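Structure, as structure tokens:
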Protein chains: 2
Amino acid sequence: MTGSPHLRRPATLASLAAELGVSRTTVSNAYNRPDQLSAPLRERVLEAARRLGYPGPDPVARSLRTRKAGAVGLLLTEALSFAFRDPGATGFLEGLALACEKAGTGLLLVPVSPEHSDVDAVYQAGVDGFVVYSVSEDDPHFQAVLQRPLPTVVCDQPSGVQGVDRVGVDDRAGMLALGRHLSGLGHRRVGVLCMRLGARRQDGPADLDRQTGSTYSVQRERLAGLRDAFDEVGVDWADVPVHERFEHSEEAGAAGAKALLDARPDITALVCTSDLLAIGALREARERGLRVPEDLSVAGFDGIPEAERIGLTTVRQPFRDKGREAGRLLLERGDRNTSEQVTLPTELVEGTTSRALRQSGEFFSGW
Amino acid sequence: MTGSPHLRRPATLASLAAELGVSRTTVSNAYNRPDQLSAPLRERVLEAARRLGYPGPDPVARSLRTRKAGAVGLLLTEALSFAFRDPGATGFLEGLALACEKAGTGLLLVPVSPEHSDVDAVYQAGVDGFVVYSVSEDDPHFQAVLQRPLPTVVCDQPSGVQGVDRVGVDDRAGMLALGRHLSGLGHRRVGVLCMRLGARRQDGPADLDRQTGSTYSVQRERLAGLRDAFDEVGVDWADVPVHERFEHSEEAGAAGAKALLDARPDITALVCTSDLLAIGALREARERGLRVPEDLSVAGFDGIPEAERIGLTTVRQPFRDKGREAGRLLLERGDRNTSEQVTLPTELVEGTTSRALRQSGEFFSGW
DNA sequence: CTGAAAGCGCTAACAT
DNA sequence: ATGTTAGCGCTTTCAG
């Protein structure tokens with residue numbers, strides 16, 4: 001396999017046409033509308049192209065002319081590489097990739113450093129539309145996307161703008177179900193470990209203002225759902241310790257659980273707003289000799305494979321379907337002008353990390 | 001958050017210039033060379049842009065003019081979605097994404113259905129270069145990439161062409177080390193489970209011709225390395241059963257191991273050319289009541305996190321570094337004309353799934 | 001079935 | 001510091 005001389009100064013459609021003594025249209029047609037010229041002529045064109053090393057019409061020039069890029073852009077909160085570490089994001093990406101594949105569309109991962117605020121990358125992306133995955137509502141990159149006159153679908157966040165489609169789950173309802181599960185088991189002294197609530201790094205207790213004022217709707221909604229559930233049984237949410245972690249990782253979960261349990265060793269259930277955090281929390285519980293679920297119930301949210309494997313009590317959501325749906329919304333939108341909102345179902349998974357409270361708490365009055 | 005009127009017929013640089021009564025250059029400069037015009041004028045331009053909803057220079061038109069797309073294309077063997085399932089590919093992608101992020105470059109996943117041979121997507125990609133990850137040497141998509149006059153780096157395959165950079169590991173040496181480890185433990189009756197050797201689906205025994213004629217260099221090299229190792233101790237490779245599986249998954253590993261062990265229940269060691277296959281093989285071993293490593297040694301190749309977790313004997317390779325290196329090669333190439341070849345190190349990991357053979361085999365004469 | 005003309009929206013010399 | 005002039009490489013009416 002020796003291949004062609006690489007990186008040769010490329011021929012153009014025009015130079016090919018000149019060489020052959022035909023018009024540019026004819027060459028163009030040879031590639032794009034084979035039915036518009038005779039088979040022999042077409043073969044002559046293609047043969048000459050091969051000979052001159054013409055790789056076919058330049059995609060950028062074609063895009064400019066046709067106003068189609070043949071790709072969709074994906075904007076993620078975190079550093080790009082995060083997409084390949086977070087199991088939820090990975091599932092979403094897989095679904096989105098599936099949809100793109102099916103449509104023969106490229107998927108452009110837009111480079112975004114969370115700190116380094118180079119919104120430029122968004123303006124530079126040659127795409128036909130954007131998918132925005134779980135970013136803060138006031139994220140400048142997201143704002144930049146909205147500036148571009150392109151169809152956009154957001155996932156796990158409010159669409160914010162007319163004409164922007166949305167796909168997500170009912171986080172509040174999902175968490176309400178989980179909260180009821182725990183309150184039904186008799187838990188009244190509960191602690192909460194959640195993901196970042198603001199763009200600025202902050203690790204530690206999150207007061208009520210911070211909870212309700214979060215620009216991350218997913219976290220806001222999940223916390224609200226949990227609050228709903230415990231309101232129902234008369235627990236004052238002001239007494240519920242909520243601990244926030246900026247990073248989303250097992251380590252962060254372990255560290256957050258440690259801080260939470262150090263401050264409030266009396267809690268009987270620890271609810272984490274993601275499985276990754278919950279898995280870290282389980283580790284910390286083990287670390288300090290707490291048996292789960294005997295001494296402490298632990299629950300997560302997401303239903304990632306690892307959680308399933310270890311039997312975590314959680315709320316399962318269909319990541320892959322969310323990605324696929326986002327792709328469908330973007331790629332199969334005719335020329336509608338309406339915004340679509342797709343809400344996918346969640347499912348409570350009662351695992352082995354939660355169980356009914358024994359009569360240990362003076363607040364407990366069930367059964 | 002109400003946002004701007006979305007999907008309005010967009011203004012252009014020219015229309016903005018006309019509106020302001022300045023030249024197009026001035027508007028262009030306002031965006032690209034702020035130092036080329038007075039601050040007040042620049043502000044006037046930007047303000048008008050805001051007012052007219054001009055989102056800044058069209059990226060496609062700019063790309064055409066500057067001959068820079070600001071993105072690199074990634075070509076994968078499998079369906080795009082595979083990238084998010086295979087732990088090796090995920091690691092590679094993470095590294096590549098890291099490099100792109102650092103350079104502020106987009107990463108375009110080129111849609112490729114393995115069956116559906118629409119090479120078009122390759123010709124349509126508006127990118128400044130390509131990374132090709134572990135595809136068959138005769139893959140038509142790869143051939144299409146070579147057609148394009150763009151810098152290209154391949155990973156885990158021979159570069160094949162002058163001017164194409166390569167990053168990879170020494171698969172043969174890595175497998176040689178693993179083979180020696182096993183032969184050193186006294187194993188002589190060994191079975192091999194490998195990944196696909198050809199573009200056409202084929203599951204079952206692979207004879208010598210198929211092994212050496214494979215268009216997947218990684219598999220070819222790994223098999224050769226193993227053969228080297230057993231040649232050294234006088235094992236006739238013709239007697240070594242090699243079983244091939246088209247799919248790369250745990251399920252395939254389990255199924256392959258089943259077939260292999262059904263046919264040759266006498267083997268004392270099972271070498272898989274990937275960890276994923278090995279993990280499936282372990283499952284099958286358990287299934288049929290074989291103890292590992294007492295009754296059967298099992299080894300893999302790759303060093304994926306899951307393998308590490310369960311203590312698999314394997315050869316670790318630095319996936320993330322491969323991705324990062326591929327990105328670096330593409331993005332930080334000056335205007336060199338030479339091809340670079342980067343070979344990253346592998347490391348034998350002696351896990352708990354391999355152990356010295358007890359005196360059970362009549363061929364064994366060690367100690 | 002083929003060709004001529006007209007841009008898509010922008011940037012980069014080169015003036016002024 | 002700002003404007004003028006030429007395209008980047010392609011597709012697409014519209015005539016022949």
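Since we're looking at a predicted model, the values are computed, not measured. For the numbers below, each heavy atom of this structure counts, side chains included, while hydrogens, waters and symmetry mates do not. Within every chain, numbering begins at 1; the chains are lettered A, B, ... in the order of the sequence lines, protein sequences first and strands thereafter.
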Requested in this report: Taking A:Thr152 for its side chain and A:Leu150 for its backbone only, find out whether a donor-acceptor pair lies under 3.5 Å.
Outcome: yes
Would you tell me if any nitrogen or oxygen in the side chain of A:Ser28 comes within less than 4.0 Å of OP1 or OP2 on D:dT11?
yes
Taken to the nearest whole Å, CZ/B:Arg24 to P/D:dA1 is 22 Å
Base, sugar-phosphate alone, or nothing: which one does B:Thr25 contact when heavy atoms must sit under 4.0 Å apart?
-> base
Reckon A:Ser15 has a side-chain N or O less than 4.0 Å from the OP1 or OP2 of D:dG9?
no
B:Gln36 CD to C:dC14 P, in whole Å, measures 15 Å
Q: Using a 4.0 Å heavy-atom cut-off across all strands, classify A:Val22 as base, sugar-phosphate, or nothing.
A: sugar-phosphate
| Taking OP1 and OP2 of C:dG3, is either one under 4.0 Å from a side-chain nitrogen or oxygen of A:Thr26? | yes
N/O (side chain, B:Tyr31) to phosphate O (OP1/OP2, C:dG9) under 4.0 Å:
no
**OP:** Would you please test A:Asn29 and A:Arg42 for side-chain hydrogen bond (donor to acceptor under 3.5 Å, both in side chains) and show each step?
**Re:** CA-CA 8 Å; A:Asn29 282 340; A:Arg42 171 154 198 260; over 6 Å; no
Have a look at B:Leu64 and say if it touches a base, only the backbone sugar-phosphate, or nothing, with a 4.0 Å heavy-atom cut-off.
-> base
Presence of A:Asn29 side-chain N/O under 4.0 Å of C:dT2 phosphate oxygens OP1/OP2
no
| query | Think B:Arg67 has a side-chain N or O under 4.0 angstrom from the OP1 or OP2 of D:dC8? | reply | no
